Q: 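Provided herewith is a single structure, encoded as structure tokens, for subsequent inquiry.
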Amino acid sequence: MLARQRQEVILAEIRRTGAVQVHALVARLGVSDMTIRRDLDVLAKRGLLEKVYGGATSVVGRSTHEPGFEAKSVRALPQKEAVSARAASLIRPGTAIGISAGTTTWTFARFLEDVPELTVVTNSIRVADVLRSGGRTDRTVVLTGGVRTPSDALVGPVAVQTLRSLHLDMVFLGVHGMADGAGFTTPNINESETDRALVEAGRRLVVLADHTKWGVVGISTIAALDEADVLVTDDGLPRDAREILEARIDDVIIADVSADYPDSYPDSYPDSYPDAYPAAEGEA
């Protein structure tokens with residue numbers, strides 16, 4: 001198969017699903033991964049796709065542009081895993097937490113398997129599936145109703161009404177972008193209303209956002225930067241961005257992407273983040 005023919009197949013697959021992975025293209029087209037990577041380089045230089053870790057996605061453009069779940073799930077994967085592992089270490093057993101929809105929070109949910117006696121409220125079908133698949137009998141998962149978005153979030157009046165009646169210890173929020181001035185944003189207006197209701201339901205807000213989210217601005221703001229109690233990001237964040245964020249957020253946690261993180265709950269709590277564990281009512 002000629003290079004032009006391979007590239008047409010790649011573009012057709014991206015138009016169909018929003019993303020391609022190198023290993024899948026190698027198997028499908030019967031060529032080496034280096035050949036596929038060269039094809040992706042050519043197409044990226046022509047502005048026809050965006051290269052990401054392990055593959056490529058459709059080109060991100062407008063503030064209302066919202067790729068599907070599969071397209072976003074392959075972006076910055078090592079960073080998402082590092083961020084998720086650090087965020088999971090902030091949770092105490094027996095707490096009630098909220099988790100928003102998105103590929104970062106979906107990754108984060110995998111790191112909660114060993115957390116005992118956890119109650120989770122989420123508007124994400126995929127997050128709920130991950131948490132229920134573990135088979136823990138001491139876990140309660142509450143899935144809000146609502147209208148489904150391209151990110152597999154449930155949004156709208158039903159979801160908002162449910163969330164406004166709840167009181168959670170911590171909320172873990174995934175975002176489309178974060179920027180000085182715009183704050184934490186999403187490209188979906190309906191999703192932002194639901195996310196704001198989730199934020200308001202929590203005593204503490206933890207935002208999960210890898211460094212690629214910096215400078216990205218969606219059409220609607222979920223929360224201002226200073227509304228976050230904790231931001232967990234990765235060590236790819238530029239120095240100037242870190243200074244801006246640390247000036248507005250009490251606790252900015254930088255995850256080391258090269259570190260060997262466990263894929264489950266830690267055996268002990270980290271002493272370096274005591275403020276992430278507020279005492280529940282009645283606790284000393």
Side-chain angles (χ1 to χ4, degrees), residues 80 83-146 148 151-175 184 191 193-208 222-223 227-232 251 253 262-270 273-284:
K80 289 176 181 176
V83 166
S84 296
R86 290 297 297 270
S89 70
L90 304 179
I91 303 175
R92 296 179 69 176
T95 55
I97 67 171
I99 304 178
S100 72
T103 56
T104 302
T105 49
W106 172 69
T107 303
F108 167 69
R110 295 193 349 248
F111 289 82
L112 304 183
E113 176 56 31
D114 294 334
V115 184
E117 300 178 357
L118 192 63
T119 297
V120 181
V121 176
T122 183
N123 67 321
S124 168
I125 296 171
R126 302 219 185 198
V127 167
D129 285 344
V130 169
L131 294 172
R132 286 171 174 161
S133 66
R136 292 195 67 106
T137 59
D138 62 345
R139 172 174 297 162
T140 300
V141 180
V142 179
L143 181 64
T144 69
R148 191 171 183 172
S151 294
D152 278 346
L154 298 176
V155 303
V158 173
V160 170
Q161 183 176 0
T162 299
L163 293 168
R164 285 179 176 166
S165 66
L166 300 175
H167 306 281
L168 306 170
D169 297 306
M170 302 177 76
V171 166
F172 292 85
L173 178 71
V175 298
F184 300 108
E191 192 163 341
E193 181 183 13
T194 303
D195 282 343
R196 280 195 290 269
L198 181 61
V199 169
E200 291 168 2
R203 287 197 294 162
R204 290 177 65 80
L205 173 61
V206 181
V207 176
L208 314 184
I222 302 168
E227 289 183 67
D229 297 290
V230 182
L231 169 68
V232 187
D251 195 358
I253 300 174
D263 59 2
S264 61
Y265 189 65
D267 292 333
S268 60
Y269 302 114
Y273 303 113
D275 290 341
Y277 314 135
E281 292 183 7
E283 278 188 40

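These numbers come from the heavy atoms of this one structure, side chains and all, not from hydrogens, waters or symmetry mates. As the structure is a prediction and not an experimental result, all values here were calculated from the model. Note that the numbering runs from 1 along the sequence shown for the chain.
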Q: To the nearest 0.5 Å, what is the distance between CZ (R126) and CD1 (I99)?
A: 15.5 Å

Q: What residues form a salt bridge (Lys or Arg N to Asp or Glu O under 4.0 Å) with R136, not counting sequence neighbours?
A: D138

Q: Testing the basics here: between A197 and V160, what is the closest heavy-atom pair and its distance to 0.1 Å?
A: CB-CG1, 4.1 Å

Q: How long is the gap from NZ on K80 to OG1 on T104, to the nearest 0.5 Å?
A: 4.5 Å

Q: Side-chain contact test, heavy atoms from C-beta onward, threshold under 4.5 Å: evaluate it for L168 versus L198 and give yes or no.
A: yes

Q: Any heavy-atom pair between the side chains of L118 and L112 that's under 4.5 Å?
A: yes

Q: When you look at I222 and V199, which way does the side-chain contact (heavy atoms from CB on, under 4.5 Å) test go after all the steps?
A: CA-CA 8 Å; I222 302 168; V199 169; 4.3 Å; yes

Q: Working to the nearest 0.5 Å, report the span between CD1 of I97 and CZ of R92.
A: 14.0 Å

Q: Applying ring-ring contact (aromatic ring centres under 6.0 Å, His included), can you list everything that pairs with F108, at least two apart in sequence or on another chain?
A: F172

Q: Do you know the tightest heavy-atom contact between R139 and E113?
A: NH2-O, 3.5 Å

Q: Would you call R204 and V171 a side-chain contact if the rule is heavy atoms closer than 4.5 Å?
A: no

Q: Only pairs under 3.5 Å count here: list side-chain donor-acceptor contacts from residues 127-134, not counting sequence neighbours, and write none if there are none.
A:
residue, atom, partner, partner atom, Å
S133, OG, D129, O, 3.4
S133, OG, V130, O, 2.7

Q: Do V232 and V230 have side chains that approach each other closer than 4.5 Å (heavy atoms only, starting at C-beta)?
A: yes

Q: So, taking the atom named CG in L208 and the one named CG in L173, what distance separates them when rounded to the nearest 0.5 Å?
A: 7.5 Å

Q: Quick one: CD on E200 to CG on L166, what's the gap to the nearest 0.5 Å?
A: 12.5 Å

Q: For S100, does its backbone N or O pair with a side-chain atom of N123 as donor and acceptor, under 3.5 Å?
A: no

Q: If I take atom OG1 from residue T144 and atom CG from residue L154, how far apart are they, to the nearest 0.5 angstrom?
A: 5.0 Å

Q: With the side chain counted from C-beta on, respond yes when T95 and T119 share a heavy-atom pair under 4.5 Å apart, and no when they do not.
A: no

